[in-house]
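Structure, as structure tokens:
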Number of protein chains: 2
Amino acid sequence: MDKSQAKPALTRSFDLLRALATDESGENRLTDLARRAGLTPSTALRLLRGLINEGMVDYDEGRRQYRLGIEFFTLAARAGNPGNLRDLCRPVLLRLSATLHDTLFLLVRSGFDAVCLDRSEGPFPIRSFTGDIGGRVIMGVGQGSVAILAFLPEAEREEVIRFNLPRLYDQHRLDEVFIRGEIAAVRKLGYASRSSGLLPGMAGIAVPILDREGQAVAALSMGTTTERLNGERMPIVADILKREAETVSRLVNPFDPVLRRPAASLSGV
Amino acid sequence: MDKSQAKPALTRSFDLLRALATDESGENRLTDLARRAGLTPSTALRLLRGLINEGMVDYDEGRRQYRLGIEFFTLAARAGNPGNLRDLCRPVLLRLSATLHDTLFLLVRSGFDAVCLDRSEGPFPIRSFTGDIGGRVIMGVGQGSVAILAFLPEAEREEVIRFNLPRLYDQHRLDEVFIRGEIAAVRKLGYASRSSGLLPGMAGIAVPILDREGQAVAALSMGTTTERLNGERMPIVADILKREAETVSRLVNPFDPVLRRPAASLSGV
DNA sequence: AAAGATTTTTCTATTTTATGGAATTTTTAT
DNA sequence: ATAAAAATTCCATAAAATAGAAAAATCTTT
């Protein structure tokens, strides 16, 4: 007879933060948040005050609206994470979007999804699954996530595929044959590309960023329109992206502290 | 004899996150974090595992290093974005830095400071108080924060001035007469500018972004060198910035949900 | 402007979780 | 191989979190 609805305060606090982060209604009053996070109002209030104390949540007394605090943003933006992928890739993204005249994305894996860590806009408006920074996409959808998936260690890759197959089919009508075909193609070419993607008129090309074990930790991805990515341009862009991805790979923990050998490379793939 | 060392788990968890975010040593093993966050190893371990479950912290088993997780950055990317200001201003910043050939900043107020929400680099290297994204500056220092300060409601403005005067003097040798003079000038002109700033050789110009009550919520700021911002160019740039700021103002919650009237404007200031 | 409805906040007895130190295992350094 | 350090488990006790009731504040409607 365990009616334990008990969850540690930490979990519930992050439920609240996520409720704030994923909000699309613009309604973030106490009751809204309590409902969306599955808490009683009194519990939600106490936790929110704790979060406000930590600077993670701001409260607009006038309109009675809670929102994620600037402190949170500051903390992350200033995170002097050496080997921080986003900082390492920022100049690469800027340079590539300037020279290629297209939009560049940096994607990393997060569980069974890929998350957009950064993007740099080109002059042409595009649509993408990844969307803005922080945007998520199921691994298997879009060139970027496929590039990562293809270069995951086999056991992990299989786990991701098995978990994602139902939602890949439900949400995108992608089946196992298609996914495995894509992965095989990416592993052969060293890059992911489809001029006829799931978004009409949109095309993209992506390469993995590998860690020192040769496993994908992220992907460098370019999004553009179908007519801007013809058969002629594709291998050229692929080469440029590969080269940049290798540069980044070498910068991510340049030497393994144990093995003392340089990072893995995609050369010859 | 209250030796109460008790602190809620939430606080301690954020102590750990801050320890991770502000780390400069690159040493983030359990003991390091426990020491820096002021926790016992067993407490730190339990909390870190909770944070890992939430995706806020990643653990590299091989090297026994903790680091901030993707969820943390995902949440942070959604934070500090009142009214979607950052997203709304991103294209404006890109456009302006391209056409003006200078570096653009988006600043918002955070308590008694201003925080850099975004920036877009121009071709000329500049120095600024704001520094990088996430950087802070005392309200009253630099054109951007003064632009916000000048268009705060009077009571709030006075509160900020009173609080900040000691540190403005301690850190920057700015006294009350100077600050009040600046504010008066900004309110008269509608923009903040100093060709001879506190940073030798650096100049800047900033305009407030107003909410529907006519109160500053943010500032659009251009940073450049003294020789690039002469008396001739200044009013031109000011006009361009003002126009962009008004566009943004109108987009930030275009209609008040209660009053149903458009956002305030700086026209005629 | 008053009454009703909703939301926010306070309070508290009870349940649940968090705590740090001791003991144990694992890893690292010598 | 041995010692030292770090990571992890365990647990009795202390502390914090919980939900509900009730009060206060706020918003709605007339």
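By convention in this document, chain letters (A, B, ...) are assigned in the order of the sequence lines, proteins followed by strands, and residues within each chain are numbered from 1.
- Counting heavy atoms from C-beta on, the side chains of A:Ile209 and A:Leu106 come closer than 4.5 Å.
- Here A:Arg49 reaches the OP1 or OP2 of C:dT10: one of its side-chain N or O atoms lies under 4.0 Å away.
- Between the P atom of D:dA6 and the CZ atom of B:Arg63 lies a distance of 18 Å, rounded to the nearest Å.
- In this structure, the CG atom of A:Asp60 is 18 Å from the P atom of C:dT7, given to the nearest Å.
- Legend: ring-ring contact (aromatic ring centres under 6.0 Å, His included) pairs involving residues 33-52 of chain B, not counting sequence neighbours: none detected.
- The A:Thr31 side chain lies nearest to C:dT8 when the options are D:dA17, C:dT8, D:dT8.
- Nearest nucleotide to the A:Ser42 side chain, out of D:dG20, C:dT28, D:dA17: D:dG20.
- Atoms CG (B:Leu45) and P (C:dG20) sit 13 Å apart, rounded to a whole Å.
- Between A:Asp32 and A:Arg64 no salt bridge is recorded (no basic side-chain N to carboxylate O distance below 4.0 Å).
- Summarising the geometry, the separation between CG on A:Leu39 and C1' on D:dG20 is reported as 15 Å, rounded to the nearest angstrom.
- Each end of the helix from C:dA1-D:dT30 to C:dT30-D:dA1 gets its own axis, taken as the rotation carrying the C1' atoms of four end pairs onto the next four within a five-pair window, and the two axes meet at 60° to the nearest 10 degrees.
- Straight-line distance from the CG atom of B:Asn53 to the C1' atom of C:dT17: 15 Å, rounded to whole Å.
- The stretch residues 25-56 of chain A participates, sequence neighbours left out, in no ring-ring contact (aromatic ring centres under 6.0 Å, His included) pair at all.
- Of the two residues contacting DNA chain C, namely B:Thr43 and A:Asp32, the nearest-nucleotide position lying further toward the 5' end is that of A:Asp32.
- Of the charged side-chain nitrogens involved, none lies within less than 4.0 Å of a carboxylate oxygen, so that B:Asp170 and B:Arg167 do not count as a salt-bridged pair.
- Residues B:Thr74 and A:Ser110 fail the side-chain proximity criterion, which asks for heavy atoms closer than 4.5 Å.
- Under 4.0 angstrom from either OP1 or OP2 of C:dT19 there lies at least one side-chain N or O belonging to B:Arg46.
- Taking 4.0 angstrom as the limit, A:Arg12 places a side-chain polar atom (N or O) nearer than this to OP1 or OP2 of D:dT18.
- Distance CZ (A:Arg35) to P (C:dT6): 14 Å, rounded to an integer number of Å.
- Between the P atom of D:dA15 and the CG atom of B:Leu47 lies a distance of 17 Å, rounded to the nearest Å.
- The existence of a salt bridge linking A:Glu156 and A:Arg109 is confirmed by a sub-4.0 Å separation between a basic side-chain nitrogen and an acidic carboxylate oxygen.
- The interatomic distance linking A:Leu30 (CG) with D:dA24 (C1') rounds to 14 Å, in whole Å.
- Comparing B:Arg64 and A:Arg29 against DNA chain D, the residue whose closest nucleotide sits nearer the 5' end is B:Arg64.
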